[in-house]
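Read through the structure below, which is laid out as structure tokens, and then see the notes.
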Amino acid sequence: MRIVFMGTPEFAVPSLEALLKSDDRVVGIVTQPDRPRGRGQRLSPSPVKVIAQREQLPLLQPTKMKDPAFMAELSGWKPDFIAVAAFGRILPPAILSLPPRGCVNVHGSLLPKYRGAGPIQWAIINGETETGITTMLMDEGMDTGAILLQEAIPIAPEDTAGSLSSRLADLGGRLLVETLAQLKMGTLIPRPQDHAQASLAPLLKKEDGVIDWSLPATIIANRIRGLTPWPGAHTFLQADRWMIYRATPMDEAATSAPGQITAMTKDAIHVATGQGVLAIRELQPANGRRMPAAQYLAGHPLQIGMQLSPSPRL
RNA sequence: CGCGGGGUGGAGCAGCCUGGUAGCUCGUUGGGCUCAUAACCCAAAGGUCAGAGGUUCAAAUCCUCUCCCCGCAA
């Protein structure tokens with residue numbers, strides 16, 4: 001079978017690697033154009049592009065999906081299947097109908113729940129204890145295609161979007177290869193989604209990282225886990241921005257105003273929330289690197305009653 | 001050349017503006033107290049102040065260049 005793979009970030013890499021090890025032949029790869037990133041606004045390749053170059057496979061990086069030159073190249077590859085994992089662009093009907101055996105997508109949730117670009121993050125933010133991978137036959141909607149295979153995994157209390165994502169990505173690779181194998185054998189019957197059960201998981205934005213201290217401690221803790229490592233949960237101590245990487249709710253009622261520091265222990269900074277106390281255990285202060293709360297406290301004496309707020313205050 | 005912040009004993013920081021004996025919190029080591037301890041008390045070890053050049057009687061501190069790190073922005 002001739003497979004074309006479309007994907008972009010780290011999440012897509014295990015799927016591509018799994019295909020490369022399978023019996024099928026990856027005849028071409030599509031990924032997003034190099035983007036300026038990092039400090040000097042240098043152009044850098046997507047993780048998928050790095051693999052493509054290592055394997056010396058044909059690679060396309062279209063700026064527009066409807067670019068005729070891109071379409072011509074793609075159809076010239078004559079794929080039987082197109083496999084898609086976190087590609088980051090909507091595929092137009094012309095591409096969806098190009099491969100005779102269809103386009104298969106690897107999605108990081110148990111569809112129809114958490115359709116969209118941020119399924120892993122939203123599952124954690126909402127406090128789910130289980131999520132999974134769904135492979136599906138793509139159609140024109142956003143993650144609305146018929147389900148092929150599905151496998152669940154538990155979400156651990158200490159999971160962040162980062163740790164969960166890497167486990168799901170590995171599972172995705174396995175499931176993708178399995179899905180293609182079963183499709184070839186014709187033993188797999190696509191199952192339409194129950195659209196009434198659908199929920200949306202939109203892409204997170206920078207602003208979603210702002211911590212609202214008036215929420216309950218457990219809700220804030222889940223948000224922090226879901227926002228780590230990107231876009232990162234943050235708050236402000238006066239003018240300085242704190243990135244919060246790890247925090248756990250304490251079994252303790254809050255008696256101060258939300259956002260006030262109520263105690264400094266050996267390894268945590270306690271903050272009052274709308275309901276309960278949250279213990280900050282790992283943070284990154286302004287201009288510093290990520291560090292345990294204990295280290296921060298060693299060099300920055302805090303005082304009880306100091307106020308954390310959603311925006312900088314002088 | 002996109003903007004800004006930083007590199008000081010093992011860790012996190014102060015000192016730099018207003019040059020002149022290296023400071024704080026934590027950790028480490030030894031001792032003490034204690035039924036006991038991650039707690040407390042006492043003591044000790046540990047730093048070419050990122051690197052190079054310059055100014056000066058004298059540079060962590062002022063000037064120039066290099067390297068590395070961090071945030072914003074993407």
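Residue numbering restarts at 1 for every chain, and letters A, B, ... go by the order of the sequence lines.
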Check the phosphate of B/G12 against A/H300, side-chain N and O only, distance under 4.0 Å to OP1 or OP2. Yes or no?
no

C1' atom, B/A14 versus B/A22: distance in rounded Å?
11 Å

So does A/K266 get a side-chain nitrogen or oxygen closer than 4.0 Å to the phosphate oxygens (OP1/OP2) of B/U25?
no

Mind checking whether A/Y296 and A/F236 sit in one hydrophobic cluster, side chains of I, L, V, M, F, W, Y counted as touching below 4.5 Å?
no

Taking CZ from A/R281 and P from B/G12, how many angstroms apart are they, rounded to a whole number?
21 Å

Nearest to the side chain of A/Q295, heavy atoms from C-beta on, is which of B/G5, B/A74, B/A11?
B/A11

Can you confirm whether A/Q238 sits close enough to A/Q307 that some side-chain heavy atom of one is under 4.5 Å from a side-chain heavy atom of the other?
no

Using a cut-off of less than 4.0 Å, is there contact between a side-chain N or O of A/K206 and OP1 or OP2 of B/A73?
yes

Rounded to whole Å, CG of A/L283 lies from P of B/G12 at a distance of 13 Å

Would you mind reading off the distance between A/R289 atom CZ and B/C68 atom C1', rounded to a whole angstrom?
10 Å

Please give the distance between the P atoms of B/A59 and B/U21 as a whole number of Å.
11 Å

For B/C72, does OP1 or OP2 lie under 4.0 Å from any side-chain N or O of A/R241?
yes

Just N and O in the side chain of A/Q284: are any of them under 4.0 Å from OP1 or OP2 of B/G71?
yes

In whole angstrom, what separates A/M264's CE from B/C13's C1'?
16 Å

Consider only side-chain N and O atoms of A/T31 and A/S46, and report whether a donor and an acceptor are under 3.5 Å apart.
yes

Rounded to the nearest angstrom, tell me the gap between atom CZ in A/R35 and atom P in B/A73.
17 Å

So if you build clusters from Ile, Leu, Val, Met, Phe, Trp, Tyr with side-chain heavy-atom gaps below 4.5 Å, do A/L204 and A/V210 land together?
no

